[in-house]
Amino acid sequence: MKAPNSLHMDPAVDPAATATKFWNVASVSEDEGEIILYGDVMSQRPIDWWTGEPEPGLYITPEGFMEDLAAVKNKAHITVKLNSCGGDLYTGIAIHNALKTLSGNVNVVVEGIAASAASVIMCAGDTVTVYPCSLIMIHGVSVMLSDSLNIQDMKQLIKGMDASEKAVAEIYDAKTGLGVDTLRNMMTKETWMTGREALDKGFADALKEDEEEPSMSMSADRKVLYVNGVGHNVEGLHNIPGSIPIQKSAKPARRPAANMRPTNKAAKTEGGKHHMTLEELRAQEPELVSQIEQEARNAAQTQTTDAVTAERRRLADIDSIAASIPDQQLVHDAKYGDKPCTAQELCFRVMQQSAASGQQFLKNYTADGAASGAAKVGAAPNGGTPATKEEQDAADIQAVVAAYNASKGGTQK
């Protein structure tokens, strides 16, 4: 269990942000209530340093927890389903004390594991119920530091850690009666207990032998412990029982969803609700998540390849007609402009530009002819005598063709 200290620097957290709740408080019946606590015990949900977004995962935090307890505070019987590797000590003590204030009989059921700070929460139960293969772990206080310290700082810190450890030992002693010194010695050694061993030592009061036991497995690197489908990071822990089976795929044997709901289907759920995160789904179905991610990558790669191929084809089609287009700015705009287009659309743009240019040319030509007085001059072949209508039309057409050819730099046939 980790005790927070003023020297540990955390990323800034927006206090106005709504905390996602990873517990469930439910009113099962008029006299019964249920509280489900799965995940790491944290003073607040961790925030990604770079994005400012909440980190995925299961977390038991005090944010809103006290308000949600109002749903069960007047129930005669309250069941707390616990599955946690612990975490922040002071949060664990705060939740322990909050559960102790409930007026009804509190039965804590260790559905998988109650380690570190979670074992402190466990001891709030008037009764603690375990399965034969449930795991309980107690150990000494540790502190995460990120600052420079002098001797006096270290002495003060050690005093604080010693006081915290005494407080935890007192909580354990109130439950077990083993004595503070004995319990502190067990904490120093990082003591792990099965459900039956916890019962023998007084940490538990009842053993569930007539129901399906929680499923447990370890990842191949022994860094993740899966209990009822929930992954717990156990790096830094030393005496984990070697009897837990190793799964090569680290795939949980059973989904936790069945344990994350009130036992009574008609129960009215109040307070925070559990919403599955990507990490939970990955813990439950790692092969399925891997398959979905691979399919998504393949689809994205295919889309990218198709898009690149289509773009290359578009540019190649434009290049194939670019030499025949007088205005090269049209070609550039078609390739890279604000409104890029295909080769077919480029041809239409060229036709539009040519039509506009032709109309302007004819208009200018007519105006020039009128201004020159050419209409009053006879053609050379008839010696200046007025031409017939057919002759004049032929001469006009020939003049337009000649002028157009001249504007293009040569004669075309």
Side-chain angles (χ1 to χ4, degrees), residues 14 17-18 20 47-56 275-279 281-282 285-375 377 379 387 389-413:
D14 181 5
T18 301
T20 303
I47 302 297
D48 185 278
W49 180 277
W50 300 106
T51 66
E53 296 294 323
E55 293 278 6
H275 298 278
M276 186 175 292
T277 66
L278 175 60
E279 292 304 315
L281 181 59
R282 194 188 303 278
E285 300 289 349
E287 295 175 0
L288 176 61
V289 172
S290 178
Q291 178 183 348
I292 293 173
E293 290 176 337
Q294 185 59 49
E295 290 178 357
R297 285 192 291 267
N298 292 342
Q301 185 175 0
T302 299
Q303 291 176 352
T304 301
T305 301
D306 291 346
V308 171
T309 301
E311 179 64 5
R312 288 176 176 174
R313 185 183 301 116
R314 184 183 74 88
L315 295 176
D317 290 345
I318 292 175
D319 287 338
S320 68
I321 63 172
S324 63
I325 298 175
D327 189 348
Q328 288 299 301
Q329 185 61 41
L330 284 178
V331 177
H332 180 274
D333 291 345
K335 286 183 174 182
Y336 315 113
D338 294 335
K339 296 181 179 180
C341 65
T342 64
Q344 291 83 355
E345 291 170 330
L346 175 59
C347 290
F348 182 70
R349 292 180 184 180
V350 172
M351 291 173 63
Q352 286 181 314
Q353 186 186 69
S354 298
S357 298
Q359 290 176 358
Q360 185 63 40
F361 171 78
L362 290 176
K363 182 178 180 180
N364 294 339
Y365 180 78
T366 302
D368 290 344
S372 67
V377 179
K389 183 177 183 306
E390 290 78 7
E391 291 174 338
Q392 186 61 49
D393 288 344
D396 288 345
I397 291 172
Q398 184 61 38
V400 170
V401 171
Y404 179 77
N405 287 339
S407 70
K408 298 298 182 180
T411 301
Q412 298 180 357
K413 294 184 180 179

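- Using a 4.5 Å cut-off on side-chain heavy atoms (C-beta onward), D317 and L346 make no contact.
- In this structure, I321 and A343 approach most closely via the heavy-atom pair CD1-O, 3.8 Å.
- Considering CG of L315 and CZ of R312, their distance stands at 10.0 Å, rounded to 0.5 Å.
- Side-chain contact check for R349 versus K339: some heavy-atom pair is nearer than 4.5 Å.
- With values rounded to the nearest 0.5 angstrom, C341 atom SG is found 5.5 Å from I318 atom CD1.
- Remark: Q344 engages T342 in a side-chain hydrogen bond (donor to acceptor under 3.5 Å, both in side chains) (not counting sequence neighbours).
- E311 pairs by the salt bridge (Lys or Arg N to Asp or Glu O under 4.0 Å) definition with R314, not counting sequence neighbours.
- Legend: residues meeting salt bridge (Lys or Arg N to Asp or Glu O under 4.0 Å) with D319, ordered by chain and number and at least two apart, are K335.
- Shown here is Q301, whose CD atom has no more than 12 heavy atoms of other residues, nucleotides or ligands within 6.0 Å.
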